[in-house]
Structure formats: structure tokens, C-alpha cells
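In what follows, a single structure is set out as C-alpha cells and then discussed.
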2 protein chains.
Amino acid sequence: MKLTTRSEYALLALVYLARNEDEGYISIETIATAQGIPPKFLEQLMLALKRAHFLRSAKGQKGGYQLAKRPNQIFLADVIRLFDGALAPTESVSENFYESTPIEKEKKLTRVFKDIRDYVSNKLEKTSIADVVR
Amino acid sequence: MKLTTRSEYALLALVYLARNEDEGYISIETIATAQGIPPKFLEQLMLALKRAHFLRSAKGQKGGYQLAKRPNQIFLADVIRLFDGALAPTESVSENFYESTPIEKEKKLTRVFKDIRDYVSNKLEKTSIADVVR
DNA sequence: ATGAATTCCTAGTAATCCAATAGGATTTGT
DNA sequence: ACAAATCCTATTGGATTACTAGGAATTCAT
């Protein structure tokens, strides 16, 4: 029932970039310092975010990162899925996981977890970075 | 964002015992076979459930386990908490985790995760074994 | 009394994941 | 040329997960 620090850090970085959208490219060092994230660790996350097309980068001096999408087009679900995989509270609640696991027979139990998954999904799919940047 | 198989198995075992409440003591072997759980693994879970007073046991031949509480007094939250710890989707959402983590400053982001935690908690606190046994 | 069935209990293990670090290669601005 | 940055891969230590192993204790049936 937990989120990794990877997702947490990635969201913090995105929020920071959204808040400073007009500043051009911003370095990892700057973001790491501002948000309290270990810089070399953040580096990996930024790279992943870039590869997933949430960010754009510029190399060399004066380089750094900036958002590649508008903050209202980046949803929490996208980011969390990138770093933590599925959103479901139990794997057996992820669609298609059934069929091999004993819980499949317990329909009512399954229903409870599906309800949770639906709520979580819905919430995270609908909340964008713009929504959390005051 | 996931539940361990421990919790899943424990819930399956409790559901089975609830469904067979009038059969006296039931052995691990019987439950494991019925619910498709590795028996030695289940043994550990049963022991923990017993120590947490959800179950009563009898040793020796004809021994086994039975519920120590009525099914409507055993809530999913209790069981999951026993095996998986806190229910929060992010540790930083668990009360008192803040104060040391960078996300604390991002109130709106925090709010989203708190909402999720509240929904999940509420759902699991209110659903009992009786509710999922048809 | 013996043996089988059972719970009780602790230890161990292989695999995976997590958070973080290390360090070199490459690119770019001055 | 040098400094500042991204790019990229590998590695590490620690924790957790999902099990398995195996012996001790207890109880029932014969």
C-alpha cells in the first residue's frame, strides 16, 4: 500500500518545473536542492521522465530540463505508473491477473479491491500537475 | 500500490473458516487445499492470526483452527494491517511521517494522497469478513 | 504405550526490489 | 580549453517477499 520515493521525487520535480515554467532550462542540481532530493538519484528519474516525453532537455552549460507538456496535460497517474507500475492495490485486482490466483473465486472480496482500484485510478487519472501547483 | 500475498492468503483463510464456522476445528492442510495456498506458508499466517486473536486453535490430532470472533467483527483493515503495516498509499501520507520528507511542503499533492488514504481506510475499516462471505 | 496427525516455533534462502552512489562519455557555452 | 551540464550503465547495501525445512510439543485413536 505504498508509493515509492521515486514517484514522490518525480512528482516534486515536475511540480517545481511547472512552477518555474518561464525560466527556461533548469538543472538537476537546482531542482534537487529546491526540493530536497539526492541529485544523482534525481538524475535517473529525470532521464526516465524525458524518455517518457514529459520533459525536454538541453545538454551542456546552461542546459537542464523543462516540461515538454503543459502542466494540465500531465496526470499523476502517468507519473506513478511510469515509476511504480500498476495502480491497483493488489495485483490480483489488475485486470487479467486473475485466472491463476486463488482469490479469483472470492467475488465479493475481489469487488472490494476493484472498488478501491477504481477510486484510486480515477483520482490519479484526473489530477494533473497543474492541479497541484497552487 | 499493492497488497502482499500474505494478506490475500490470510483473508482467504478467514473467509473459508467463516464459511465453515460450524465444522469445529479445521486443519491448515484442509484450508490450504481448499484455497490454493502453500501449506507451510499458510501455517505462519495462521500463527500470526492466532496471536492477534482472530483465531483459536487446538493442537494434536483432530486439532486445527477456528474463528475466535464473529465474522462481522473481523474487518479487512485489521487483517491487512497485521500483515502489511499501514494502509497509506505513500508513507508520507501516514500521519506523523511528514516533518522529515520534502513532500510535506506540497500541500495540494499531499491532499490528494490523503484523500486516497481516507477512502481506502474507510472502505477496509468498514468491510468485514461477514460482508465478503456471500 | 505407540504412532499418526496436528499445531508450535525458529531459521534459512533465493529472488527481487529499492534507494542511492559512482564514474565515465558526451555535449555546449564562454 | 574549461566548466557545466546531460547522458548512460553499473554497482551496492539493505530490506522485503514468498517460501521451505525441520524439529519440538501436544493430542487422539488404537
Side-chain angles (χ1 to χ4, degrees), chain A residues 1-13 17 23-33 35-52 54-66 68 80 82-86 90-92 100-103, chain B residues 1-13 17 23-33 35-52 54-66 68 80 82-86 90-92 100-103:
Chain A
M1 274 334 199
K2 64 174 73 156
L3 206 63
T4 56
T5 60
R6 281 195 305 264
S7 289
E8 219 176 287
Y9 288 162
L11 290 172
L12 287 171
L17 290 176
E23 309 273 315
Y25 291 102
I26 298 180
S27 76
I28 285 172
E29 194 51 41
T30 303
I31 301 167
T33 302
Q35 300 289 58
I37 304 171
K40 284 300 266 181
F41 192 36
L42 179 59
E43 191 184 322
Q44 293 177 32
L45 308 177
M46 297 303 274
L47 215 36
L49 286 168
K50 188 207 162 176
R51 288 173 177 152
F54 293 112
L55 300 179
R56 229 194 317 276
S57 67
K59 293 166 111 179
Q61 198 173 342
K62 289 284 164 186
Y65 292 90
Q66 66 186 187
I80 293 171
L82 178 63
F83 293 103
D84 292 4
T90 315
E91 290 203 12
S92 47
S100 56
T101 201
I103 210 176
Chain B
M1 273 331 201
K2 62 174 72 154
L3 206 63
T4 57
T5 59
R6 280 195 304 263
S7 289
E8 221 177 287
Y9 289 161
L11 290 172
L12 287 171
L17 290 176
E23 308 274 314
Y25 290 103
I26 298 179
S27 76
I28 285 173
E29 194 51 41
T30 303
I31 302 167
T33 302
Q35 299 291 57
I37 303 172
K40 285 300 263 182
F41 193 37
L42 179 59
E43 192 185 321
Q44 292 177 30
L45 308 178
M46 298 303 275
L47 215 37
L49 286 168
K50 188 205 162 177
R51 288 173 177 152
F54 294 112
L55 300 179
R56 227 194 320 274
S57 68
K59 293 166 112 179
Q61 199 172 343
K62 290 283 164 187
Y65 292 90
Q66 66 185 189
I80 293 172
L82 178 63
F83 293 104
D84 292 4
T90 314
E91 291 203 11
S92 48
S100 56
T101 201
I103 211 175

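Proteins get letters first, then strands, A, B, ... in listed order; numbering begins at 1 in each.
Mapping A/Leu42 and A/Arg6 onto DNA chain C via the closest heavy atom, the residue that lands nearer the 5' end is A/Arg6.
The line from CG of A/Leu17 to CD1 of A/Ile31 is 4.0 Å long, rounded to the nearest 0.5 Å. Atom CD1 in B/Ile80 sits 9.5 Å away from atom CD in B/Glu8 (nearest 0.5 Å). Atoms OH and CD1, on A/Tyr65 and A/Ile28 in that order, are 4.5 Å from each other to the nearest 0.5 Å.
Side chains of A/Tyr9 and A/Thr4 form no contact here, defined as non-hydrogen atoms less than 4.5 Å apart.
Regarding A/Glu8, its CD atom lies at a distance of 14 Å from the P atom of C/dC18, rounded to whole Å. The separation between A/Asp84 atom CG and C/dC18 atom P is 7 Å, rounded to whole Å.
With sequence neighbours excluded, no residue satisfies side chain to side chain donor-acceptor pair (under 3.5 Å) with A/Thr5. The side chain to side chain contact (heavy atoms under 4.5 Å, CB included) search around A/Thr30 returns A/Tyr16, A/Ile26, A/Ser27, not counting sequence neighbours.
Fit an axis to the five pairs at each end of the helix from C/dA1-D/dT30 to C/dT30-D/dA1 and the two axes sit 0° apart, to the nearest 10 degrees.
The residue B/Gln44 sits close to a base: some heavy atom pair falls under 4.0 Å.
Listed pair B/Tyr65 / C/dC8 meets the phosphate criterion, a side-chain N or O lying under 4.0 Å from OP1 or OP2. Between C/dC9 and B/Arg51, a contact under 4.0 Å exists linking OP1 or OP2 to a side-chain N or O. OP1 or OP2 of C/dA5 has not a single side-chain nitrogen or oxygen of B/Ser27 nearer than 4.0 Å.
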Subject >> Annotated protein contacts, base or backbone, on nucleotides 23-30 of chain C with a non-hydrogen cut-off under 4.0 Å, one of B, S, - each >> reply: B---BBB-
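Using modelled atom types, no side-chain atom of B/Arg56 and backbone atom of B/Gln66 make a donor-acceptor pair closer than 3.5 Å. The main-chain N or O of A/Ala13 is never found under 3.5 Å from a side-chain atom of A/Gln35 such that the two would form a donor-acceptor pair.
Taking 4.0 Å as the cutoff to heavy atoms of chain A, we find the contact window on DNA chain D bounded by D/dA3 to D/dA10.
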Enumerate donor-acceptor pairs with a distance under 3.5 Å from any side-chain N or O in residues 38-52 of chain A to protein atoms, sequence neighbours excluded.
from	atom 1	to	atom 2	distance (Å)
A/Lys40	NZ	A/Glu43	OE1	3.1
A/Lys50	NZ	A/Ser57	OG	3.3

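The two residues B/Ser7 and B/Phe83 make their nearest non-hydrogen contact at OG-CB, 3.5 Å.
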